[in-house]
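The analysis underlying the following values was restricted to heavy atoms, covering all of them including side chains, and did not include hydrogens, waters or symmetry mates.
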Amino acid sequence: WSARVAPDAIIRPLMPPSPQAQFNDLVRGTVSVHTADDLKKKLAAGRPLRVKLGVDPTSPDIHLGHTVVLRKLRQFQDHGHQAVLIIGDFTARVGDPTGRSATRPQLTQQEVEANAKTYFDQVGRVLDVPKLEIVRNSSWLKGLTFLELLKLGARFTVAQFLEREDFHKRYTEKRPIGLHELFYPLMQAYDSVMVKADVEIGGNDQLFNLLAGRDLMRSEGLEAQVTLTVPLLTGLDGENKMSKSYGNHVGVAWPAKEMFFGLMRVPDKLMKDYYTLLT
């Protein structure tokens, strides 16, 4: 570039964005923030926040729908905060019941490990991996005694869990609900306690699990995390959420040509959502 600077000019470093500017950037494209005031207070404190995202390696592929929440985590990184990626190698053995009309098939440890190996390369296409704190929740969940699990379970009620839309629907339709599925939100909440999360982010369908983390942190005498949810990206069919099972997805590891032809199928009505959530 050809701009010239006078020899005696003072070159000032760029000032970091103000807490309000950070807040405006971080809430862009979100569905809910619990609570906005709490997030503003945490940002105003001027210290790096610990921002948690949990991913269960239940399949080997990551698609653009997953990158919505990954990009939100990257925004926190770009503002100087500490991103904490939890590989849910223990919770994946249970299977997240969110949005499910039936119990997920339980994966073997070998299947979980094989899927996890592919995640690191794929999330690295969005996240700043050298600055990322990566932990596995088996490191604390696997060692819990039955007594410790009972004490954690006593912090919640069955009524709370049956208020969940997916559990409530299955219960009223007399569809089976595995007892182990009720432990999933509890395990995700315990992750927040263990990493001392200031913020947890997730898809909007994860709101119940994220709020459970707020409740458990309070009961453990910790400052409650802020929960921040993002929309689910609609797939190429224009109707359902992006999912490999619906065949309406674009994989982040696809060759560029396949990505291009896949994205050319995006209906016009989704362009605003794709612009907001993927940029």
Side-chain angles (χ1 to χ4, degrees), residues 30-36 38-39 42 49-58 69 72-73 76 81-100 103-104 106 112 133-168 170-171 177-230:
T30 60
V31 176
S32 67
V33 181
H34 287 79
T35 68
D38 287 344
L39 180 56
K42 287 177 182 286
L49 303 181
R50 292 180 60 76
V51 187
K52 168 201 171 192
L53 171 65
V55 293
D56 286 352
T58 52
V69 71
K72 186 56 64 179
L73 187 59
F76 275 96
H81 301 291
Q82 179 60 62
V84 182
L85 182 68
I86 296 181
I87 302 296
D89 59 334
F90 196 88
T91 42
R93 300 287 302 277
V94 174
D96 187 357
T98 301
R100 304 288 293 192
T103 302
R104 285 179 181 268
Q106 288 188 269
V112 171
E133 181 180 327
I134 303 175
V135 291
R136 292 171 174 253
N137 63 13
S138 62
S139 63
W140 51 77
L141 292 175
K142 189 175 181 179
L144 284 176
T145 66
F146 202 81
L147 178 59
E148 290 171 323
L149 192 58
L150 288 175
K151 288 180 178 178
L152 287 173
R155 308 288 175 85
F156 298 92
T157 68
V158 174
Q160 280 178 278
F161 283 35
L162 290 181
E163 287 174 2
R164 274 182 59 147
E165 183 179 353
D166 39 23
F167 282 154
H168 179 73
R170 284 163 65 180
Y171 183 74
I177 302 173
L179 185 60
H180 68 293
E181 294 181 272
L182 298 179
F183 283 106
Y184 189 94
L186 178 60
M187 291 190 290
Q188 184 171 332
Y190 191 65
D191 290 348
S192 294
V193 171
M194 293 304 295
V195 301
K196 294 181 172 58
D198 290 300
V199 180
E200 182 175 10
I201 60 178
N204 193 44
D205 58 344
Q206 290 287 314
L207 182 59
F208 181 93
N209 295 345
L210 273 59
L211 292 178
R214 278 176 66 87
D215 292 339
L216 188 59
M217 292 183 79
R218 286 195 194 98
S219 68
E220 291 288 328
L222 299 172
E223 184 178 333
Q225 66 182 11
V226 170
T227 66
L228 188 151
T229 63
V230 295

Checklist entry - If you measure from CD on Glu133 to CD1 on Ile86, what distance do you get to the nearest 0.5 Å? => result 9.0 Å
Next on the checklist: Strictly distance-based, threshold 3.5 Å: is any side-chain N or O of Asp198 a donor or acceptor partner for the main-chain N or O of Arg50?
Outcome noted: yes
Next on the checklist: Measuring only between side-chain heavy atoms, which start at C-beta, is Asp38 closer than 4.5 Å to Arg214?
Outcome noted: yes
Checklist entry - Has the side chain of Gln225 got a donor or acceptor atom that lies under 3.5 Å from a matching backbone atom of Leu210? => result yes
Item to check | Candidate pair Val226 and Leu49, rule side chain to side chain contact (heavy atoms under 4.5 Å, CB included), full reasoning | outcome: CA-CA 11 Å; Val226 170; Leu49 303 181; over 6 Å; no
Checklist entry - Between Pro57 and Gly88, which heavy-atom pair has the shortest distance, and what is it? => result CD-O, 3.6 Å
Checklist entry - Taking the side chain from Asn137 and the backbone from Phe90, do they hold a donor-acceptor pair closer than 3.5 Å? => result yes
Item to check | Pairwise distance CE(Met194) to CE(Met187) - rounded to 0.5 angstrom | outcome: 14.5 Å
Checklist entry - Are any non-hydrogen side-chain atoms of Ser192 and Leu216 less than 4.5 angstrom apart? => result no
Checklist entry - Just wondering, do Leu228 and Val51 contact through their side chains at under 4.5 Å, heavy atoms? => result no
Item to check | Flag side-chain contact, heavy atom, 4.5 Å: Lys72 against Leu53 | outcome: no
Checklist entry - How about Val230 and Ile201: do any of their side-chain heavy atoms sit closer than 4.5 Å? => result no
Checklist outcome for this item: Between the CG atom in Leu182 and the CD1 atom in Ile177, the distance rounded to the nearest 0.5 Å is 6.5 Å
Next on the checklist: Checking ring-ring contact (aromatic ring centres under 6.0 Å, His included) between Phe208 and each of Tyr184, Phe156, Phe167, Phe161, which is the one that passes?
Outcome noted: Phe161
Checklist entry - Do you know the tightest heavy-atom contact between Ala197 and Met217? => result O-CE, 3.2 Å
Item to check | Ser139 OG to Asp89 CG distance, which is reported to the nearest 0.5 Å | outcome: 7.5 Å
Checklist entry - So, are Glu181 and Arg170 salt-bridged, with charged N and O less than 4.0 Å apart? => result yes
Item to check | Heavy-atom closest pair, residues Gly143 and Glu148 | outcome: O-OE1, 4.1 Å
Next on the checklist: Distance alone, cut at 3.5 Å: any donor-acceptor contact between the side chains of Glu200 and Gln188?
Outcome noted: yes
Item to check | Contact check, side chains of Arg155 and Asp215, non-hydrogen atoms, under 4.5 Å | outcome: no
Next on the checklist: My understanding is that only one of Asp191, Asn209, Asp56 makes a side chain to side chain donor-acceptor pair (under 3.5 Å) with Thr91; could you say which?
Outcome noted: Asp56
Next on the checklist: With rounding to the nearest 0.5 angstrom, report the CD to NZ distance, Glu223 to Lys196.
Outcome noted: 13.0 Å
